[in-house]
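What follows is a set of notes on a single structure, which appears directly below.
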Amino acid sequence: MGKNYWITDKPIQVNDCIAKVIRPKAGAIDTFIGTVREFTKGKRTLYLEYQAYAEMAEKKLAQIGDEINEKWQDTETAIVHRIGRLEISDIAVVIAVSTPHRNDAFEASRYAIERIKEIVPIWKKEHWEDGTKWIGDQKEKTSYQEKLPTEEEMSDD
Amino acid sequence: MGKNYWITDKPIQVNDCIAKVIRPKAGAIDTFIGTVREFTKGKRTLYLEYQAYAEMAEKKLAQIGDEINEKWQDTETAIVHRIGRLEISDIAVVIAVSTPHRNDAFEASRYAIERIKEIVPIWKKEHWEDGTKWIGDQKEKTSYQEKLPTEEEMSDD
Amino acid sequence: MIDVLFFAELQETVGNEKVSMEADGMTVKALKEKLSAAYDLSLDHAMIAINQEYAAEDAMITNGDVVAFIPPVSGG
Amino acid sequence: MIDVLFFAELQETVGNEKVSMEADGMTVKALKEKLSAAYDLSLDHAMIAINQEYAAEDAMITNGDVVAFIPPVSGG
């Protein structure tokens, strides 16, 4: 089945990600899917372009999986992120986390998407009706303004 | 594409559920998948049997979707639950909720699984190595001992 | 006549998923008592649905209703 | 020689995804200053990775390293 953390320039098949985490010990799988949204604060997106530092991004995705395994018991995580041009409603990212009990699955997959937006070298370029822009920090809930990651974020353990 | 809330005696295709909620206004889809877990507190499950009051269950699943739409803005929900005999790792339930922003998707799908365990007439029979039992209330976080549902739970609005 | 549906362990105890009976004008509570006695059922933790909607103990049953006894659910 | 990688808007400003240069013994901070000046780049908000690991400002660069300038990420 290959690796659990990967960058692809092809359309994402959600099942490919889910299949990697289904297992007898798990009773719950939370799957987060990020899709290209047409309108953001009234502004219309025509399409997106994602770029990644692919090798490092895959390492950082794997690091997130390791972090999840430290924070919650007995987890299995898989994450795939697409790059290149994505149209409206295309799937940009899929995170699947399986756990024995459901609360952990919800919390862990939510953690994963937040961490992706902090440490994984992937960038989104918005192509709006009236222009383009590479998007920076998009964390919705916490501010992340420092120019260096924290010690924890730099660690690969 | 048919209805968004259904009971089936066939294996569940996760994509059938996700496809119903993908849309241009959504940027996030949270998908909760419940699978048959082999071990619960050291006890080994051989397989499960699910039974439903199917027509009412579909109405109650739709009610949960309505509740979600009242509690969070601009949601689209789809839920499918399987009945009959399920083997270890088989998918019993899939909930997909799409929202413009991810936090709502996580919260809404978590709400949905909790509500399923409160108001949807579906029952699970455990077939263990050493016996069988119809399982009652399985809510992990809240107690639900009253013999009648609350007013809210009885409402179909 | 009404139809009464049983599920899960209640169905196994009754030995039937559906019974038809006279119950016009009875309350849910009265029907519960009658069936508890008839089938030696413990219905204390069962919810009742009339025509696929949860009903309270004092709800009135009328001819043609479908009444379901719903033991604590365990889907998901 | 080291390789320096640029991404997103930095890549567009530099006009290149990779440049090779001498930097043995330089700190990350010194390299940042050098490149900021050379390409008129704003690197204040960029993180730096050496060989695919985030590095602090005072980290030392050695021959053969791959240094990446990583503007605020926006995946997901």
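This structure is a prediction, so every number in the text was calculated from the model and none was measured. The chains referred to below are lettered A, B, ... by the order of the sequence lines, with proteins before strands, and numbering in each begins at 1.
One distance of note links CD1 of B/Ile95 with OG1 of A/Thr31; it measures 11.5 Å at 0.5 Å rounding. Here the straight-line distance linking atom CZ of B/Arg37 with atom OG1 of A/Thr99 works out to 9.0 Å at 0.5 Å rounding. Atom-to-atom distance recorded for A/Ile91:CD1 and B/Ile22:CD1 is 4.5 Å, nearest 0.5 angstrom.
When all heavy atoms of B/Thr35 and A/Ala26 are compared, the closest pair comes out as OG1-O, 3.1 Å. Listed here is the closest heavy atom pair of B/Ser89 and A/Arg23: OG-C, 3.4 Å.
Residue contact with chain B, scored on non-hydrogen atoms closer than 4.5 Å, involves the side chain of A/Ile18 exclusively.
Two residues are said to be in side-chain contact when any heavy atoms from C-beta on lie closer than 4.5 Å; A/Arg102 and B/Arg110 fail this criterion. Looking only at side-chain heavy atoms (C-beta outward), B/Ser109 and A/Phe106 come within less than 4.5 Å of each other.
More than 12 non-hydrogen atoms from other residues, nucleotides or ligands lie less than 6.0 angstrom from NZ of B/Lys125.
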